[in-house]
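Beneath this line is the structure, given in structure tokens, with notes to follow.
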There are 2 protein chains.
Amino acid sequence: MPARREQLNRDRVLAAAVALADAEGADAVSMRGLAQRLGVVPMALYKHVANKDELLDGMIDAVVLEIEAPVDGLDWRSAVRRRILSARTVLLRHPWARRAMESKTTPTPIVLAYMDSTIGIFLGGGLSVDLTHHVMHALGSRIYGFTQELYDTTPAIEIPPEVAQFMAMQFPNIVAVVTSSPHDPGSVVGPGCDDQFEFEFTLDLFLDGVERLHHKGWHS
Amino acid sequence: MPARREQLNRDRVLAAAVALADAEGADAVSMRGLAQRLGVVPMALYKHVANKDELLDGMIDAVVLEIEAPVDGLDWRSAVRRRILSARTVLLRHPWARRAMESKTTPTPIVLAYMDSTIGIFLGGGLSVDLTHHVMHALGSRIYGFTQELYDTTPAIEIPPEVAQFMAMQFPNIVAVVTSSPHDPGSVVGPGCDDQFEFEFTLDLFLDGVERLHHKGWHS
DNA sequence: CTTGACAGGTGTACAGCGTACACCTACTGT
DNA sequence: ACAGTAGGTGTACGCTGTACACCTGTCAAG
């Protein structure tokens, strides 16, 4: 009997899937690819996850669980800000998670628990249920630490000069805005200009607005 | 010679693809499915679009072209608001377009032109280049008329009472917030609570903040 | 009038995907 | 000792996008 390799289990499968996605991107996580990585035949995985969708759920759960728990003793605004920025640092470690979360339509209990505790910060801070409701919608994916930057306006490859000139002709406003201030590649989640500064800028713009509504006694 | 069916061309292919997606959802738009719809063999499509990715680009372009052009004679805030709400009504007609746009990483010239003219509204209204830059990031997908509602918190199926009780135990805050005010199913783009009221609420929260920054002479 | 290029539709084929289903094997509780 | 079961295997199916060779009708040039 050969030295038996360690038995698979759900957590090992999920951990391997996350590691594979971290290392080679989400596309590398196919049932076949993941199985190979684990030295196992594809169908073996189905003994531990129901299907690929559930595998993705598990991967997302693993990421969400890395987000720091709410900190006691802070005002609601600081607590929310801190938690969201914690979510962001987690997503910087797992850039694939952004698209994975976007592509899902139903939350897992773990994601629900994350949302619930985040909502709890607002309600605990005295915000009305209605205002909290709207704020959660307004935040959208931002509570998970990323914004939806649809397109990458700062391409990695340098653009040839004739293209640059063409762009300046066709899209003068884009060029004016994009060339005004560069982004920090180290702080972006996935493609796009979703860097740390922009993220915090918008987050604070939001929280300012919410705080103002709250102080005005906004109710519905 | 049988009555020859009308020849294919790029526009007919794109129009059929959009119609198919409208009618049966984005998943129905496979090269084989679309070809069948056009009474043609799958490979015939490749004489008119380079590959499936370009097909999707073309479909998105078709949708973006439906968005109303900027209206002259309005202040920047009204002009932006109007344009974004126009984008939203377009996306209500083509709910599949939301995910399609999310899944792309590179904009087409037509999408760039849309962005350019939208940026032009801000710059033309006197906003600084820097502020405009941040605002475009902050708006994110909102300039295309949808928000990123990751999860559908108002499921279509009614939930059994024991599940409801379990939810109330596990996620009291979510339940409190979700049950507070219902959403209008007719005004949502895709799954989630992205309804018209929430959309405008957040849009105005944004525009308020931007206007305030602008009046403060915000520059960098 | 012929000829040759070419645009556009066809047919076959392949690699990759998720996964259903039958099987086999080793361990466990009675 | 025996039955049950958890977990890994092998084969196979239908689906996807698409490469490549082919054929056919139209049209312009010699």
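Below, chain A is the first sequence line, B the second, and so on; all start at residue 1. Keep in mind that what you see is a predicted model, and the values were worked out from it rather than measured.
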Please list residues of residues 47-56 of chain A whose heavy atoms come under 4.0 Å from any atom in DNA chain D, ordered by number; otherwise none. Lys47(A), His48(A)
Residue set satisfying side chain to side chain contact (heavy atoms under 4.5 Å, CB included) with Pro160(B), at least two apart, ordered chain then number -> Glu162(B), Val163(B)
Between atom [atom1] in [X] and atom [atom2] in [N], what is the gap in whole Å?
X	N	atom1	atom2	value
Met43(B)	dA7(C)	CE	C1'	15 Å
Asp27(A)	dG18(C)	CG	P	11 Å
Gln36(A)	dT9(D)	CD	P	13 Å
Gln7(A)	dT28(C)	CD	C1'	13 Å
Arg10(B)	dG8(C)	CZ	C1'	16 Å
Met31(A)	dA15(C)	CE	P	23 Å

Quick check: closest heavy atoms across Ala28(B) and Leu20(B), and the distance to 0.1 Å? O-CD2, 3.5 Å
Would you say the side-chain atoms of [X] pair up with the backbone N or O of [Y], donor to acceptor, closer than 3.5 Å?
X	Y	answer
Ser86(B)	Ile67(B)	no
Arg98(A)	Gly145(A)	no
Thr202(A)	Phe199(A)	no

Which label fits Phe166(A) and Phe171(A): parallel for a plane angle under 30°, tilted from 30 to 60°, or perpendicular past 60°? perpendicular
Residue Gln170(B) excluded, over 12 heavy atoms near CD under 6.0 Å: yes
Does Arg32(B) or Asn9(B) map to a spot on DNA chain C nearer the 5' end, using the closest nucleotide for each? Asn9(B)
Quick one: which residue pairs count as a salt bridge (Lys or Arg N to Asp or Glu O under 4.0 Å) with a foot in residues 55-68 of chain A, not counting sequence neighbours? Asp57(A)-Lys104(A), Glu66(A)-Arg93(A), Glu68(A)-Arg82(A)
Quick test of your reading: applying salt bridge (Lys or Arg N to Asp or Glu O under 4.0 Å), list the pairs with at least one residue in residues 26-49 of chain A, sequence neighbours left out, ordered by first then second residue. Glu24(A)-Arg37(A)
Between the side chains of Asp22(B) and His94(B), is a donor N or O closer than 3.5 angstrom to an acceptor N or O? yes
Numerically ordered, the residues 13-25 of chain B set in heavy-atom contact under 4.0 Å with DNA chain C is none
Considering only side-chain heavy atoms of Ser30(B), which listed nucleotide, dT16(D), dT18(D), dG9(C), is closest? dT16(D)
End axis versus end axis in the helix from dC1(C)-dG30(D) to dT30(C)-dA1(D), the angle rounded to 10°, five pairs used at each terminus: 10°
Can we say Arg81(A) and Glu200(A) salt-bridge, meaning some charged N sits less than 4.0 Å from an Asp/Glu carboxylate O? yes
